[in-house]
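All ligand and atom numbering here is 1-based and tracks the order in the structure. This is a predicted model, so every value here is computed, not measured.
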Amino acid sequence: MSDAASIALIDRPLDLRGPGTSVRFANRLLLAPMEGVTERCFRDLVIGLGGVGGACTEFVRVSSSAIPQRVIRRHLGAAQTVPVAVQLMAPDAEHLVTTIAAAEAAGAAWIDLNFGCPAPVVFDKCAGSALLRTPDRVAAIVRAAVAATRLPVSAKVRAGIDSPDRVAEIVLAAAGAGAAMVTLHARLRVQTYAMPATWRWIGEARAALDRGGHAIPLVGNGGVDAAGDAARLMRESGCDAVMIGRAALADPWIFRAALGGAPADAAEARAFACRYIDALAAEYGERTALARGKQLARWYRAGGLFVGREEERGRVLRLDSVSAVRGWFAAAIPVTGS
Ligand SMILES: Cc1cc2nc3c(=O)[nH]c(=O)nc-3n(C[C@H](O)[C@H](O)[C@H](O)COP(=O)(O)O)c2cc1C
């Protein structure tokens, strides 16, 4: 739950201005793109709980050819009630421009460019976070993307590869090339996801953008673990909005709670898990539903289903059928009562 001043800080619209169109987020909370997590089933369910101002597909990698519209449509899913971006990750502008046209035709609200992925398979192909060592290449990709679409184009970056020394240069490169918004994940590539985020770097990025005369929104990301953290990050760093990643998997109600809504009770948490598993099974089949259902169990803290009985979490992770995992969630009663 959040206090009134925190809610007022978050519960304000934010406009993302592109060359030909604008996007309005109803509030300052964005659901982070997470490959293997925020595909359309999860995203739609979380958006349906309320409190999400905007969201993004998992990254769509553009390498040896352009990505067809039908693939992007699959990532986007059905018409959305909040703006949803298509996130693209490319080593250069080749094939990116054609893919952006496909994303625009498929209904993307805006285009987000990934300059943060730490995975070696991406890094070694000079995409994702590898581009952070060459801010001029970040700028060239953003510039090409901006020229290719009427939609706003945003950039999602990390603070650096192994040092934050060039964080100002990186965000200024994106902004100077026409990015309508920059999201800074306040970790280095070498810190992957494990180390604590350093919110001070977000403040430094905001100051650099201000000094450079760039009034575009800066989104702070990294380590927002509880509803109260969102406003704290905005206050401490001066960022304009907050992006929430893994905490949304642990507690999909975190957005609603940051806006003053009640946290989920056990019945809601049970129903969400069952609906999620059902949607996954219908969309992707039982194997994916089993893997993602267990992934939810690994992270889930909504509704107190695992409070006081972590051994149950281990038991769910050892189950070997979708029906067993779903059945566990359907019957789960927290020891604290609900
Ligand atoms: C499993 C997983 C998959 C991710 N996939 C993406 C992705 O596709 N695109 C992206 O820009 N960031 C991706 N990220 C990074 C998140 O968007 C976010 O920046 C990061 O998790 C930090 O936020 P958090 O501390 O709130 O989790 C991923 C993170 C995780 C844990």
Those residues at least two apart in sequence (or on a different chain) that pass salt bridge (charged side-chain N to carboxylate O under 4.0 Å, His left out) with D229 are R232
Short N or O separations between ligand 1 and the protein, below 3.5 Å:
unit_1   : atom_1 : unit_2 : atom_2 : d
ligand 1 : 5 (N)  : E35    : N      : 2.7
ligand 1 : 8 (O)  : E35    : N      : 3.4
ligand 1 : 8 (O)  : F59    : N      : 3.1
ligand 1 : 9 (N)  : Q87    : OE1    : 2.8
ligand 1 : 9 (N)  : N114   : ND2    : 3.3
ligand 1 : 11 (O) : Q87    : OE1    : 3.3
ligand 1 : 11 (O) : Q87    : NE2    : 2.8
ligand 1 : 11 (O) : N114   : ND2    : 3.2
ligand 1 : 11 (O) : K156   : NZ     : 3.0
ligand 1 : 12 (N) : P33    : O      : 3.4
ligand 1 : 12 (N) : K156   : NZ     : 3.0
ligand 1 : 14 (N) : P33    : O      : 3.4
ligand 1 : 17 (O) : P33    : O      : 2.7
ligand 1 : 17 (O) : K156   : NZ     : 3.0
ligand 1 : 19 (O) : K156   : NZ     : 2.8
ligand 1 : 19 (O) : H185   : ND1    : 3.4
ligand 1 : 19 (O) : N221   : OD1    : 2.6
ligand 1 : 23 (O) : N221   : ND2    : 3.0
ligand 1 : 25 (O) : R187   : NH1    : 3.2
ligand 1 : 25 (O) : G223   : N      : 2.9
ligand 1 : 25 (O) : R246   : NH2    : 3.0
ligand 1 : 26 (O) : G245   : N      : 2.9
ligand 1 : 27 (O) : R246   : N      : 2.9
ligand 1 : 27 (O) : R246   : NE     : 2.8
ligand 1 : 27 (O) : R246   : NH2    : 3.4

4.5 Å side-chain heavy-atom contact, K156 and F115 |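 No, every pair of side-chain atoms sits at 4.5 Å or beyond.
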Do R270 and F329 meet the cation-pi criteria used here (NZ or CZ under 6.0 Å from the six-membered ring centre, within 45° of the axis)?
->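 Verdict for F329: no cation-pi partner in R270.
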Compute both the distance and the angle, then confirm whether R158 meets the cation-pi test with Y193: under 6.0 Å from the six-membered ring centre, within 45 degrees of the axis.
->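 Positive - R158 is close enough to the ring of Y193 and near enough to its axis.
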Charged N to carboxylate O under 4.0 angstrom, D92 versus R137?
->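 Salt bridge flag = no for R137 with D92.
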Indicate whether the side chain of T57 and that of R40 have a donor and an acceptor atom separated by less than 3.5 Å.
->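 No, R40 and T57 have no side-chain donor paired with an acceptor closer than 3.5 Å.
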